[in-house]
Amino acid sequence: MPDDITQTQIDILNLLKDQNENWTSPKSLGERFHLSIKTVNQSLSELLRWGYRFETSRRGEVRFQTAPDILFPHEIARGIKAQVLGCEIHGFRSVGSTNSVAHRHAIKNAPEGTVIVAGRQTAGRGRLGRSWMSPPKLGIYLSVILRPTVAPAQAPGLSLVAALSVAEAIRHYPGLSAMIKWPNDVLVNGKKVAGVLTELSAELDRINFVVIGIGINVNHEPKDFSAELADRATSLQIEQGCPVNRVRLVQEVLLQLEKRYLQFLKNGLKDQLKAIKDYSSILTRQISIRHDNKTLVGTAIDIDVDGALVVSVGRRTLRLLSGEISPTESY
Ligand code: BT5
């Protein structure tokens with residue numbers, strides 16, 4: 001239960017990690033934190049139960065070996081390079097939706113950059129009432145609270161900013177050429193590996209806050225997807241052939257998102273449009289578009305500086321600010 005690890009356990013853990021290769025005795029841990037040796041040993045047993053591994057010397061000293069692949073806030077916070085995103089991290093073993101939890105924190109004035117992360121979601125959601133499959137231990141389910149000082153009309157651009165950031169974080173792993181499917185999907189080898197859900201609380205001319213929800217399929221095997229998703233979804237492990245450390249990936253996503261978000265605040269999408277277009281999986285392709293209750297077939301020709309998809313349909317040119325598109329041929 002990530003929400004149940006105690007501060008004493010975290011303090012002991014961090015000290016042991018700081019010691020690198022050096023051995024530490026339970027007695028010195030006790031002295032450092034004003035604890036009895038019994039409490040230190042209990043804490044070490046609890047950490048073992050969480051999946052941490054330590055080496056023990058013949059003299060009963062310990063040294064840190066490995067951490068479990070659990071999205072503990074203290075693991076994400078340690079060594080994070082983002083400055084603002086992740087300033088507060090709240091972790092949960094299971095929630096309905098991290099976006100809903102983030103929304104509740106935002107209303108209570110949580111600062112910009114607050115992150116909500118969960119081991120699983122029981123009501124993970126996509127756009128337009130769709131659901132996001134969020135099984136335990138395999139994926140990343142996180143939401144970030146932002147308070148951008150831009151007009152509400154600019155907010156849809158943040159979905160592209162987030163999709164680009166996730167694609168860039170994934171591209172750090174060898175062989176994973178992540179692409180963006182406008183407006184909010186990230187694909188690897190033509191299959192969906194991540195999705196972004198941007199939710200807004202705003203008045204007519206002012207944004208109160210934005211919640212960026214990010215779901216990434218990380219260590220799923222093919223059997224972990226429902227029959228309905230089997231042909232369309234994939235995970236990083238499936239595409240890379242080996243598991244991916246979720247804590248490191250969260251740190252990378254937050255770092256990329258912070259960089260791109262700061263650019264967005266300064267110049268809108270201008271400085272990232274080239275990367276968004278370079279990674280777009282649909283530009284120049286024939287797509288079908290659901291628009292005004294009709295399905296149209298056209299060619300995606302551009303993404304403009306507002307984040308709109310420009311599509312040529314017969315002799316007409318449409319500018320879509322949101323919507324559903326699908327390729328008419330495979331990627
Ligand atoms: C999205 O919606 O792709 C946005 C997904 C955002 C999920 C995150 S997880 C953390 C945060 N908390 C939440 O409650 N949500 C966010 P959309 O474009 O509407 O796509 C939804 C569709 O993707 C579904 O109808 C399925 O077809 C498909 N889908 C569902 N789960 C999937 C998965 N795990 N992997 C790939 N595709 C999936």
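In each ligand, atom 1 is the first atom listed, and ligand 1 is the first ligand listed. By convention here, the first residue in the shown sequence is residue 1.
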Give the atoms of ligand 1, by number and element, whose distance to some non-hydrogen atom of Val196 is under 4.0 Å. 4 (C)

Any chance you could lay out the side-chain contact (heavy atoms from CB on, under 4.5 Å) test for Arg171 and Met179, step after step, and finish with the verdict? CA-CA 9 Å; Arg171 280 175 170 256; Met179 306 291 280; 3.5 Å; yes

For Arg246 and Val218, the nearest pair of non-hydrogen atoms, with its separation, is CG-CG1, 3.7 Å

Assess whether atom CZ of Arg130 is packed by more than 12 heavy atoms of other residues, nucleotides or ligands within 6.0 Å. yes

Atoms of ligand 1 under 4.0 Å from any heavy atom of Asp185, numbered from 1 in the order shown, are 3 (O), 18 (O)

Within a distance under 4.0 Å of any heavy atom of Gly124, pick out the atoms of ligand 1 and give their elements. 14 (O)

Contact check, Gly139 vs ligand 1, heavy-atom distance below 4.0 Å: no

Determine whether the side chain, the backbone, both or neither of Val193 has a heavy atom under 4.0 Å from any heavy atom of ligand 1. neither

In the protein, which heavy atom is nearest to atom 10 (C) of ligand 1, and how far is it? Thr98 OG1, 3.1 Å

Counting only heavy atoms, tell me which of Arg232, Gln121, Arg125, Arg130 gets closest to atom 15 (N) of ligand 1. Arg125

What I want to find out is whether Glu199 reaches Arg127 closely enough, with some N-O distance under 4.0 Å, to be called a salt bridge. no

Would you check the N or O atoms of Tyr141, main chain and side chain alike, for any that come under 3.5 Å of an N or O of ligand 1? no

Any Phe225 side-chain heavy atom under 4.5 Å of Arg232 side chain: no

State, with a plain yes or no, whether a side-chain heavy atom of Lys181 is found less than 4.5 Å away from one of Ile282. yes

Among all protein heavy atoms, pick out the one at the shortest distance from atom 26 (C) of ligand 1; state its residue, atom name and that distance to 0.1 Å. Leu229 CD2, 3.8 Å

Using side-chain heavy atoms (C-beta onward) and a distance below 4.5 Å, is Leu71 in contact with Phe92? no

What atoms of ligand 1 come closer than 4.0 angstrom to any heavy atom of Gly215? 7 (C), 8 (C), 9 (S)

Are Leu309 and Val305 connected in a single hydrophobic cluster, I mean Ile/Leu/Val/Met/Phe/Trp/Tyr linked by side-chain heavy atoms less than 4.5 Å apart? yes

Tell me which protein heavy atom sits closest to atom 30 (C) of ligand 1, plus the residue, atom name and distance to 0.1 Å. Ser131 O, 3.2 Å

I need the contact type for Ser100 against ligand 1. Using non-hydrogen atoms and a strict under-4.0 Å cut-off, is it side chain, backbone, both or neither? neither

Is it the side chain (CB and beyond), the backbone, both or neither of Asn217 that lies under 4.0 Å from ligand 1, heavy atoms counted? side chain

Closest candidate by heavy atom, reference atom 20 (O) of ligand 1, pool His220, Lys192, Met133: Lys192

Evaluate whether atom NZ of Lys17 has more than 12 neighbouring non-hydrogen atoms of other residues, nucleotides or ligands under 6.0 angstrom away. yes

Please tell me whether Leu229 and Ile238 are part of a single hydrophobic cluster in this structure, the criterion being side-chain heavy atoms less than 4.5 Å apart. yes

Taking the six-membered ring for Trp and the single ring otherwise, decide whether the centroids of Trp132 and Tyr141 are under 6.0 Å apart. no

Side-chain heavy-atom pair Glu112, Ile145 within 4.5 angstrom cut-off: no

Considering non-hydrogen atoms of the protein only, which is the closest contact for atom 1 (C) of ligand 1, and what is the distance? Asn184 ND2, 3.6 Å

Give yes if a backbone or side-chain nitrogen or oxygen of Ser143 is under 3.5 Å from a nitrogen or oxygen of ligand 1, and no if not. no

Quick check on contacts: which atoms of ligand 1 are under 4.0 angstrom from a heavy atom of Ser97? 12 (N), 13 (C), 14 (O)

Considering both backbone and side-chain atoms of Ala233, is one of its nitrogen or oxygen atoms within less than 3.5 Å of a nitrogen or oxygen in ligand 1? no

Could you tell me the residue and atom name of the protein heavy atom closest to atom 5 (C) of ligand 1, and the distance to it rounded to 0.1 Å? Trp132 CE3, 3.5 Å

Heavy atom of Leu128 under 4.0 Å from ligand 1? no

Do Glu75 and Arg78 meet the salt-bridge criterion of a basic N to acidic O distance under 4.0 Å? no

What atoms of ligand 1 come closer than 4.0 angstrom to any heavy atom of Leu142? 10 (C)

